[in-house]
There are 2 protein chains.
Amino acid sequence: MVDLLFRSLDHTHAAERAMKRSALPFDPIDLHQLKRSCGHCALSELCLPAGINQADLERLDTAVRDKRVLERGDHLYRQGDAFHSLYVVRSGSLKTVVESDEGDAQILGFHLPGELIGVDALANDHHLCAAEALERTSVCELPYTQLQQVMTEVPSLQRQLMRVVSREVVAEQRHLVMMGRQQAQERLAIFLRSLSERYGRLSRDTVTLTLTMSRYDIANYLGLVVETVSRLFTRMEAAGVLAVSRKTVSILKPDLLAAMCGTQDSGKKEPTRR
Amino acid sequence: MVDLLFRSLDHTHAAERAMKRSALPFDPIDLHQLKRSCGHCALSELCLPAGINQADLERLDTAVRDKRVLERGDHLYRQGDAFHSLYVVRSGSLKTVVESDEGDAQILGFHLPGELIGVDALANDHHLCAAEALERTSVCELPYTQLQQVMTEVPSLQRQLMRVVSREVVAEQRHLVMMGRQQAQERLAIFLRSLSERYGRLSRDTVTLTLTMSRYDIANYLGLVVETVSRLFTRMEAAGVLAVSRKTVSILKPDLLAAMCGTQDSGKKEPTRR
DNA sequence: TTTTTTGATTGATCTGGGTCAATGAAGCGA
DNA sequence: TCGCTTCATTGACCCAGATCAATCAAAAAA
């Protein structure tokens, strides 16, 4: 809750960091990735290239700038920054956060590989939220003017972008329903299931999740308080549904977890209306 | 909380209604509007045509099907319906609602003239929420395949559509922040101010608002219960901020209302974290 | 017109989850 | 290694807003 002096060009800082880093020893991920194109990307089916043919893919590659790498806590962009590019997460994870004038923040989402961020900035050419890396994270940068150009030439890309943006809208809607209708325990259950499912799409382990965000982040995202989240983890572990150890959470009883997502009326008949 | 039998084609019903209606006496609005094109529409600056030149506007018109008119309570589409078109509200207002398996609903938004709805359906070709008219409402239908075609020919339209979609994302984000961080009174204050501001953009009275939605709808939208909303109206009227009479709400002290939007700490120093 | 239904308001009471406070347990820089 | 800071957990208490219930008014049906 301190400095929110808008820096219009975070890019410069990132560039500096990138240069420093390349002078450092072992950083094999970076080097590999720089050579890769959308056509060879493991994420292609989740990402913009989905359903686009080979020739058009090459065209798309011209609109993708070199990947950027962020360390934990680095900002991809800050609230108020001028808009230049959309970003696709390549590896790692980020959170997007809006901060109100009063100083309190709301986390809008956690973003895993293959997911697009920055769409909110299209409305008025400024980022309305900040994007911050939760761990070492690399992203593909899509400078928007170039992307637009390619889209006019490749209609299927235009269609695909709309689809991806729509996914973003849907995710926000689900978040909204959670905030409006769900009880605390349901929220956490939904969050964990959704995370597990998204891990699954990335062909990761869907049972043992490694949370890259803090309890504070989880609580904030769920519209709760950190103490409540902590208590819920404890309770769900006691119920045998989860095994919790710090950042590592294992889903021991997926069916029970799923049951906790609905309005878990363990006695009432009619669902609460509110 | 009753019938959610998905009808894949609500269009047919609307068509029937339209025919019936045209046989009825006085309905001058309809007749006028049918003649109008995007180029002459009073909403053009708020809507898709914004920033598009005359020649391209004519092209856009080819992608806009005849307007549809809905009566209060009519559905523009239902949850689960197959996706065909986006819609722009022309006059009147609608609400979009998701209903969970458990039967309880969450209102995602209220939609005024110039606003686009249906974007969430692009993700998987099915509407994930229902859109229901709150009063007699007319919309412009944009069949998506045609819209796509025109967009490939008119890049500025493509850009503009992304901008409008982005506005939708931003609105959802604001809703989310409200649900996550704001107290009950702040939520209502924010809601009223936002409504007033949107009325202003439509050059309507920003002081005396005519609410087209019920208290239940407002409460649901705000993640509250109808009793709470009712009490808040009473309290804000007692405080001299509002004059409330059924569906008509006048903002007597806009500055006070604005002050109620922030975390109104009438004593505390640090803003609550949560 | 009267009856019925639906929407809105108000009061009394209860509770889920927030607030406050204390204690551990990592991680980290020096 | 030792403080120091940050993150996480747990307990005791409290309150904003939900629930329950009753009344009233408007609108729709009869």
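Note on naming: letters A, B, ... go to the chains in the order of the sequence lines (proteins, then strands), and numbering restarts at 1 for each one.
- Note: A/H175 and A/Y221 meet the aromatic proximity criterion, with ring centroids under 6.0 Å apart.
- Applying the side chain to side chain contact (heavy atoms under 4.5 Å, CB included) rule to A/A184 yields the partners A/L224, A/T228, A/L232; only residues at least two apart in sequence or on another chain are considered.
- Side-chain atoms of B/R181 and A/Q106 include a donor-acceptor pair closer than 3.5 Å.
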Quick one, B/T137 with B/V69, criterion side-chain contact (heavy atoms from CB on, under 4.5 Å). Give me CA distance, side-chain angles, the key distance, then yes/no.
CA-CA 6 Å; B/T137 295; B/V69 178; over 6 Å; no
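- Applying the side chain to side chain donor-acceptor pair (under 3.5 Å) test to every pair with at least one member in residues 189-202 of chain B, sequence neighbours left out, gives these pairs: B/E115-B/R198, B/E197-B/R201.
- The rotation axes computed at either terminus of the helix from C/dT1-D/dA30 to C/dA30-D/dT1 lie 50° apart, taking five pairs at each end and rounding to 10 degrees.
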Listed pairs under 3.5 Å, donor-acceptor, residues 240-250 of chain B side chains, sequence neighbours left out:
{"from": "B/K247", "atom 1": "NZ", "to": "B/M213", "atom 2": "O", "distance (Å)": "3.3"}
{"from": "B/S250", "atom 1": "OG", "to": "B/T208", "atom 2": "OG1", "distance (Å)": "3.0"}

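- Nucleotide C/dG17 holds its P atom 15 Å from the CE atom of B/M179, rounded to whole Å.
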Tell me, for nucleotides 5-12 of chain D in 5' to 3' order, what letter each nucleotide earns: B for a base near a protein heavy atom under 4.0 Å, S for only sugar-phosphate near one, - for neither?
---SBBBB
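- Across the protein-nucleic acid pair, B/L188 atom CG and D/dG17 atom C1' stand 14 Å apart, rounded to whole Å.
- With 3.5 Å as the limit, one finds a donor-acceptor pair spanning the side chains of B/H111 and B/T96.
- To the nearest angstrom, C1' of C/dT10 lies 13 Å from CG of B/L232.
- Considering only residues two or more places apart in sequence or on other chains, B/A189 meets the side chain to side chain contact (heavy atoms under 4.5 Å, CB included) condition with B/M236, B/L257, B/M260, B/C261.
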